[in-house]
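When a ligand or atom number is given, it counts from 1 through the structure's own listing order.
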Amino acid sequence: MARGRFILLEGCDRAGKSTQCAMLVKALQERGHSVELCKFPERTTTIGQMIHAYLTNSKELDDKAIHLLFSANRWEAMQAMKRKLEQGTHLVVDRYAYSGVAFSTAKGLDLKWCMNPDKGLVRPDLTLFLDLPTAEAERRGGFGEERYEKRELQEKVREVFLRLKAKEWVVVDARKSIEAMHQEILNEAEQKIREGEQAKEDAL
Ligand code: T5A
Ligand code: NA
């Protein structure tokens, strides 16, 4: 059996990542794939609860301390994620290390310092970057409720994200309708899954 594919959705706040992750998981399941959703921050763990308290402004933390907690929250999920990929399950992941670096760097921390704690995490096979202008994000439901949902910071975050753009990235225009984005994301994900299956056949 081919290794599962790691499909990451990244982007600024309100770009539609969670909406698209749920739709992608459902569509892949309907097509007979074994697929699971992961999300970061994963707020249910002890570390995740500390992150949640920080994001909802009920707890103050040093910028470096919260950065390391976000990274630790990925590391604590790593063994389980690797096991699932090895078993052939595809992972659809809602935010990851790119968010970690983009937000902390936008707050003023050094980019290289921010990248260090995530070194060695399993690498995504496909990163779909949902790109949405900040002015558009502000018009969407719920913007402004959490700590980082402020225009100036979000614009810096977007700039850092675009500096981090790696070769596995595909940029998706998040101004489009939910359905149009879904079709594009599903096509990219299915293509990546086919490539993985083909590579396995070629190796035999
Ligand atoms: N963070 C995260 C760090 O600082 N470091 C890290 O290491 C990590 C992992 C919380 C914060 O943590 C920071 C980044 C964040 O500031 P979160 O839990 O992922 O991260 O944040 P959420 O609030 O859950 O999610 P977002 O704000 O990022 O929103 P989404 O998931 O991008 O958007 P979604 O799908 O919830 O949609 C938002 C609204 O827009 C509508 C939806 O119906 C909804 O109302 N919408 C659309 N409207 C029009 N057109 C479309 N195409 C639409 N798609 C969705
Ligand atoms: Na979300």
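Some N or O of K17 is nearer than 3.5 Å to an N or O of ligand 1, by distance alone. Among the atoms of D94, none of the N or O lies under 3.5 angstrom from an N or O of ligand 1. For the pair L55 and ligand 1, the shortest N or O to N or O distance does not fall below 3.5 Å. Taking distance alone, with nitrogen or oxygen atoms compared against 3.5 Å, S18 approaches ligand 1 more closely than that limit.
For atom 18 (O) of ligand 1, the nearest non-hydrogen atom of the protein is R43 NH2, 2.8 Å. Given atom 33 (O) of ligand 1, the protein heavy atom at minimum distance is G16 N, 3.2 Å. The protein heavy-atom contact nearest to atom 38 (C) of ligand 1 is R14 NH1, 3.9 Å. Counting protein heavy atoms only, atom 16 (O) of ligand 1 is closest to D13 OD2, 3.0 Å.
Below 4.0 Å from some heavy atom of M181 lie the following atoms of ligand 1, by number and element: 52 (N). Atoms of ligand 1 lying under 4.0 Å from any heavy atom of A15, numbered from 1 in the order shown and given with element: 32 (O). With ligand atoms numbered from 1 in the order given, ligand 1 contributes 34 (P), 35 (O), 37 (O), 55 (C) to contacts under 4.0 Å with heavy atoms of T19. Heavy-atom proximity to G100, at under 4.0 Å, picks out these atoms of ligand 1: 5 (N), 6 (C), 7 (O). Below 4.0 Å from some heavy atom of P41 lie the following atoms of ligand 1, by number and element: 2 (C), 9 (C), 18 (O), 20 (O).
Residues R5 and D125 are paired through a salt bridge, judged by an N-O separation under 4.0 Å between the basic side chain and the carboxylate. Salt bridge status for R147 with D13: absent, with no side-chain N to carboxylate O gap under 4.0 Å. Contact check on R194 versus E197 returns no salt bridge, with no Lys/Arg side-chain nitrogen under 4.0 Å from an Asp/Glu carboxylate oxygen. Salt bridge status for E36 with K84: present, with a side-chain N to carboxylate O gap under 4.0 Å. Salt bridge status for K26 with E30: present, with a side-chain N to carboxylate O gap under 4.0 Å. Note on K17 versus E10: no salt bridge recorded, every NZ/NE/NH1/NH2 to OD/OE distance being 4.0 Å or above. Look at D63 and K107 and you find a salt bridge, because one of the NZ, NE, NH1 or NH2 atoms lies within 4.0 Å of a carboxylate O, short of that distance. Salt bridge annotation for E136-R14: absent, with no cationic side-chain nitrogen under 4.0 angstrom from a carboxylate oxygen. Under the 4.0 Å criterion applied to side-chain N and carboxylate O atoms, K112 and D110 are not assigned as salt-bridge partners.
Side-chain contact, Q198 with D202: a donor N or O sits under 3.5 Å from an acceptor N or O. Counted by atom type alone, E76 and N73 present one or more donor-acceptor pairs between their side chains at under 3.5 Å. Side-chain N/O atoms of T44 and E42 include a donor and acceptor closer than 3.5 Å. Side-chain contact annotation: Q154 with T134, donor-acceptor N/O pair under 3.5 Å absent. Side-chain atoms of T56 and E146 include no donor-acceptor pair closer than 3.5 Å.
The backbone of S177, and not its side chain, has at least one atom closer than 4.0 Å to an atom of ligand 1 (non-hydrogen atoms only; backbone = N, CA, C, O). Proximity of R147 to ligand 1, defined as any heavy-atom pair under 4.0 Å, is not found for any part of the residue. Using a 4.0 Å cut-off between heavy atoms, K39 contacts ligand 1 through its side chain alone, with no backbone atom that close. Contacts between R175 and ligand 1 below 4.0 angstrom, taking non-hydrogen atoms only, are absent altogether. Here I51 has no heavy atoms under 4.0 Å from ligand 1, in either its backbone or its side chain. Only the side chain of R140 comes within contact range of ligand 1, with a heavy atom under 4.0 Å; no backbone atom does. The proximity of E149 to ligand 1, defined as any non-hydrogen pair under 4.0 Å, is limited to the side chain.
Here 1 is the count of protein N, O or S atoms positioned under 3.0 Å from the Na ion (ligand 2), waters not counted.
The side-chain heavy atoms of E152 and K150, taken from C-beta on, include no pair separated by under 4.5 Å. In this structure the side chain of V171 reaches within 4.5 angstrom of the side chain of K165, judged on heavy atoms.
Of the candidates I178, D118, L153, V172, it is I178 that places a heavy atom closest to atom 54 (N) of ligand 1. With atom 5 (N) of ligand 1 as the reference point, the heavy atom nearest to it among Y96, F103, F70 is part of F70. Selection from R95, R74, Q20 by nearest heavy atom to atom 7 (O) of ligand 1 gives R74.
Heavy-atom separations between K176 and ligand 1 include at least one value shorter than 4.0 Å. The shortest separation from a heavy atom of G11 to ligand 1 is not under 4.0 Å, leaving the residue out of contact.
In this structure, the ring of F70 has its center no less than 6.0 angstrom from the ring center of F103.
Looking at F129, F40, W169, Y98 one by one, the single match for side-chain contact (heavy atoms from CB on, under 4.5 Å) with L8 turns out to be Y98.
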Salt bridge (Lys or Arg N to Asp or Glu O under 4.0 Å) assessment of D131 paired with R175: CA-CA 8 Å; D131 191 20; R175 290 171 301 185; over 6 Å; no
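Not a single protein heavy atom sits closer than 4.0 Å to atom 43 (O) of ligand 1. Within the 4.0 angstrom cut-off, atom 51 (C) of ligand 1 has one or more protein heavy-atom neighbours.
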